[in-house]
Structure formats: structure tokens, C-alpha cells
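Structure first, then comments.
Everything numeric here is computed off the predicted structure, so don't read it as measured data.
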Amino acid sequence: MEVVILETENDVATWAADRISDLLVQKPDATLGLATGNTPLALYRRLSDRFAKGLVSFKNVKTFNLDEYIGIEEGNHQSYRTYMRKEFFGKVDIPLENTHLPYCSATDNPREVGSAYEHDIETAGGIDLQLFGIGANGHIGFNEPTSSFGSRTRVKTLTKRTISENSRLFSPEEFQPHLAMTMGIATILDSRRVWLMATGQHKAEAVGQAIEGPISSMVPASALQLHESATVIVDRSAASKLKHIDYYNWAVQEKTKLARKFDTFP
Ligand code: PGA
């Protein structure tokens, strides 16, 4: 695992935008695994700005989002499909038919939706790079604590803590879903690279447990320790509970020298 510690949230977004732009130069038809929430917003803004300047194109890119709420329509302003259109898809040249979220309507069978999503990812050739944030309880996607490391796209019940953390985004009279379809942990671990992005002091405890704690389904993000190409990109606040910061910084310097030498995507 590589741990990249940067000063600010903006630096995290720029770091990620630089690498995604490089990846798209090397592989213009890459398949990206995307996330919603606060964490990737600055990254989406940077990528949209670069597109507007003609520096990057998404026209051959395919995307698979981690999760989608159950119980609200795709067109609802609270759906993750709407978030993605507003924050990213609508601002770049990606064809909407190349974008996927695990939407399960009221008449769909969730098991079938889950298997079809897994099938679509496989048919697309797998995910080249999967991005995600981390919940304060260590969740990734909506894989809440106790999620199996063997899990695939399926329905998860959100914890009361997650519901309460997300309640700020819903008005009091609005329906807030308690269920979601989410890629499983095994789905995420199948991606060729995985990036965990975290910013802010409120993520420090979860980041510390995920990186330096034991591998445990109680901290779903600790599954990253099993991945051969996992990168954690954090700002100083989110890194504040890590014990081995000197080593992480040194390792990044050494690896960057090596990447320059071989001209590879670090
Ligand atoms: P956030 O959420 O990016 O809004 O902090 C991350 C998550 O809960 O997975």
C-alpha cells in the first residue's frame, strides 16, 4: 500500500486529477470506478476544468459508480445518478450510456440488479481504477462494518450512524433511504488499482484503523491491505492519527524517483 500525505484537500484533488489525466493519456478508454459524497467533489471540478481547457477527454471512458440509494427514482435530485450528472458527467464529454450506477427500481429484483452490475463490470474488462472515500465508521461504498470481504454488488442496510451523518443532505420532510445497492468489497478488490481519498480530521480515526489496524470486516476499508495496488491519498488532518508518516513520505519520494526513471504511471 502506498500512502500519499498532502497538505490540503485541494492538493489531494490535484494529485488525483493529475494521475487520472495521465492514465487517460495512456489508456483513453479506461474504465473508472467512481464515488459520490463530499470527498471527490474537488477532483470532479478539476477534471471538468481540464476538459473545458481541452486537456483531457472522457469520450471513450466507461464508469461504474460504487453505489446508489434504493427507494428514490434515478431522476430524483437525491439520487447518485443526479449527483454524478450535476458534478461530473454533465460537464465532460462522456457519453451517458458509458456511465453505470447500480440502480434498483421498485419493481426490480435486487439480486438480479446486483448480478447484472457485476456482469457489466466484467464485460467492460474490469475496472482500471476505483476511487472511494471512507466513512467515519470505516465503510467503503455502502459496505458498512461487518460486510463480508467476499461480498459482491448487493443491497446493504445503512447503519444509523451513516444515516445520521448523511441526514444533513436531506430536508426534514424528505424521504431518506435506509437501503442502498453497493458494490461489494470483493468487487472493489477486483479493480486493478484502488484509491482511497480522505480529507479532514473527522476521517483520521477511520484512516488510521484502515491502514495501520488489523484487517477486519469491522473496518471495511482495511480490506485495502489485501490489494496489490492500493493508494491512500490524504490531507494532513486525515493523516493525523497515522503512526508511520515518516516512512510513508520517504517511500513516496523513493517510488517517485523510480517511476520517473521508468516513465510509468505512479
Ligand atoms: P464523504 O463520504 O466523501 O461525503 O465524506 C465518504 C463515505 O461515506 O464513503
Side-chain angles (χ1 to χ4, degrees), residues 16-17 19-37 39-41 43-133 140-142 152-156 177 179-184 186-188 190-195 197:
R19 266 81 190 164
I20 291 175
S21 305
D22 288 352
L23 170 64
L24 294 183
V25 169
Q26 287 171 29
K27 188 172 182 186
D29 60 348
T31 299
L32 301 178
L34 299 179
T36 50
T39 311
L41 282 174
L43 166 64
Y44 294 147
R45 275 198 295 276
R46 274 168 184 65
L47 290 174
S48 316
D49 289 349
R50 286 170 195 217
F51 165 72
K53 290 181 184 144
L55 300 173
V56 64
S57 167
F58 298 87
K59 80 173 182 289
N60 296 313
V61 168
K62 291 191 240 25
T63 65
F64 288 89
N65 266 73
L66 284 169
D67 44 20
E68 177 60 285
Y69 283 128
I70 291 183
I72 51 181
E73 295 302 313
E74 266 190 309
N76 184 294
H77 76 111
Q78 292 288 7
S79 78
Y80 285 166
R81 163 66 73 187
T82 303
Y83 166 111
M84 290 306 299
R85 277 194 184 215
K86 178 165 166 262
E87 306 297 344
F88 188 50
F89 299 155
K91 297 182 174 170
V92 297
D93 58 346
I94 190 163
L96 283 182
E97 63 270 21
N98 287 7
T99 66
H100 305 83
L101 286 92
Y103 176 62
C104 185
S105 77
T107 54
D108 284 335
N109 175 337
R111 275 184 196 278
E112 285 169 12
V113 171
S115 325
Y117 205 60
E118 294 285 329
H119 181 260
D120 288 348
I121 293 173
E122 208 180 307
T123 307
I127 293 173
D128 291 301
L129 168 63
Q130 175 69 57
L131 317 175
F132 43 90
I140 50 175
F142 273 127
R152 294 274 161 193
T153 307
R154 71 211 184 290
V155 179
K156 274 304 282 186
L179 298 173
M181 288 294 296
T182 180
M183 279 185 197
T187 320
I188 293 171
D190 274 351
S191 310
R192 284 185 269 285
R193 290 162 199 262
V194 292
W195 285 1
M197 297 167 66

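- Contact check for Thr182 versus Thr153: no side-chain heavy atoms found under the 4.5 Å cut-off.
- A donor-acceptor contact shorter than 3.5 Å is absent between the side chain of Ser79 and the backbone of Gly75.
- The side-chain heavy atoms of Met197 and Leu43, taken from C-beta on, include a pair separated by under 4.5 Å.
- Pairing each heavy atom of Arg46 with each of Ala17, the nearest pair is CB-CB, 3.8 Å.
- Between Arg152 and Asp190 a salt bridge is recorded (basic side-chain N to carboxylate O distance below 4.0 Å).
- Considering only heavy atoms from C-beta on, Tyr69 comes within 4.5 Å of Tyr80 through its side chain.
- Residue Gly37 comes nearest to Leu41 through the heavy atom pair O-CG, 3.6 Å, listed as atom of the first residue, atom of the second, then distance.
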Go through the steps for Asn76 and Thr82 under the test side chain to side chain contact (heavy atoms under 4.5 Å, CB included), then give the verdict. CA-CA 7 Å; Asn76 184 294; Thr82 303; 5.5 Å; no

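- Ser105 and Asp108 share a donor-acceptor pair across their side chains, judged by distance under 3.5 Å alone.
- Within 6.0 Å of the NZ atom in Lys27, the count of heavy atoms belonging to other residues, nucleotides or ligands exceeds 12.
- Side-chain contact between Leu23 and Leu129 is present, with heavy atoms from C-beta onward closer than 4.5 Å.
- Considering only heavy atoms from C-beta on, Glu118 comes within 4.5 Å of Thr187 through its side chain.
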Hey, mind stepping through Met183 and Gln130 against side chain to side chain contact (heavy atoms under 4.5 Å, CB included) and telling me if it holds? CA-CA 11 Å; Met183 279 185 197; Gln130 175 69 57; 3.4 Å; yes

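- The aromatic rings of Tyr117 and Phe64 sit perpendicular to each other, their planes meeting at more than 60°, with 30° as the lower class boundary.
- In terms of modelled atom types and a separation under 3.5 Å, the side chain of Asp93 and the main chain of Phe58 share a donor-acceptor contact.
- Of the inter-residue distances, the one linking His77 atom NE2 with Lys86 atom NZ reads 10.5 Å to the nearest 0.5 angstrom.
- Ring pair Phe88/Tyr83: centre-to-centre distance not below 6.0 Å.
- Under the 4.5 Å side-chain criterion, counting only non-hydrogen atoms from C-beta, Met84 is in contact with Leu34.
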Please walk me through it: do Ile94 and Thr63 pass side chain to side chain contact (heavy atoms under 4.5 Å, CB included)? CA-CA 9 Å; Ile94 190 163; Thr63 65; 3.6 Å; yes

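- When each of Asp67, Ile70, Leu66, Val155 is paired with Phe142, the side-chain contact (heavy atoms from CB on, under 4.5 Å) condition holds for Asp67 and for no other.
- Distance alone, capped at 3.5 Å, is enough to place a donor-acceptor pair between the Thr123 side chain and the His119 backbone.
- A distance of 11.5 Å separates CG in Leu24 from NZ in Lys59, rounded to the nearest 0.5 Å.
- Contact detail for Val92 and Leu47: the closest heavy-atom pair is CG1-O, 4.5 Å.
- When side chains are defined from C-beta on, Leu131 does not count as touching Leu32, because their heavy atoms never get closer than 4.5 Å.
- Without hydrogens or angle criteria, Ser191 side chain to Val194 main chain gives no donor-acceptor distance under 3.5 Å.
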query: Going through the distances and angles, do Trp195 and Ile20 end up as a side chain to side chain contact (heavy atoms under 4.5 Å, CB included)?
result: CA-CA 11 Å; Trp195 285 1; Ile20 291 175; 3.8 Å; yes

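- Counted within 6.0 Å of CD on Glu74, heavy atoms from surrounding residues, nucleotides or ligands total more than 12; the atom is thus considered enclosed.
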Review point. Could you walk me through whether Asp29 and Lys62 pass the salt bridge (charged side-chain N to carboxylate O under 4.0 Å, His left out) check?
Key: CA-CA 7 Å; Asp29 60 348; Lys62 291 191 240 25; 5.6 Å; no

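- The two residues Met181 and Cys104 have their closest heavy-atom pair at CG-CB, 3.7 Å.
- Residues Phe89 and Leu96 approach most closely at CB-CD2, 3.8 Å, considering heavy atoms.
- The side-chain heavy atoms of Ser21 and Arg50, taken from C-beta on, include a pair separated by under 4.5 Å.
- Of the possible polar contacts, one joining the Glu68 side chain to the Arg81 backbone as a donor-acceptor pair under 3.5 Å is found.
- The heavy-atom pair separating Asp128 from Ala30 by the smallest distance is OD2-CA, 3.4 Å.
- Using a distance-only test at 3.5 Å, with no hydrogens or angles considered, no donor-acceptor pair links the side chain of Thr99 to the main chain of Pro95.
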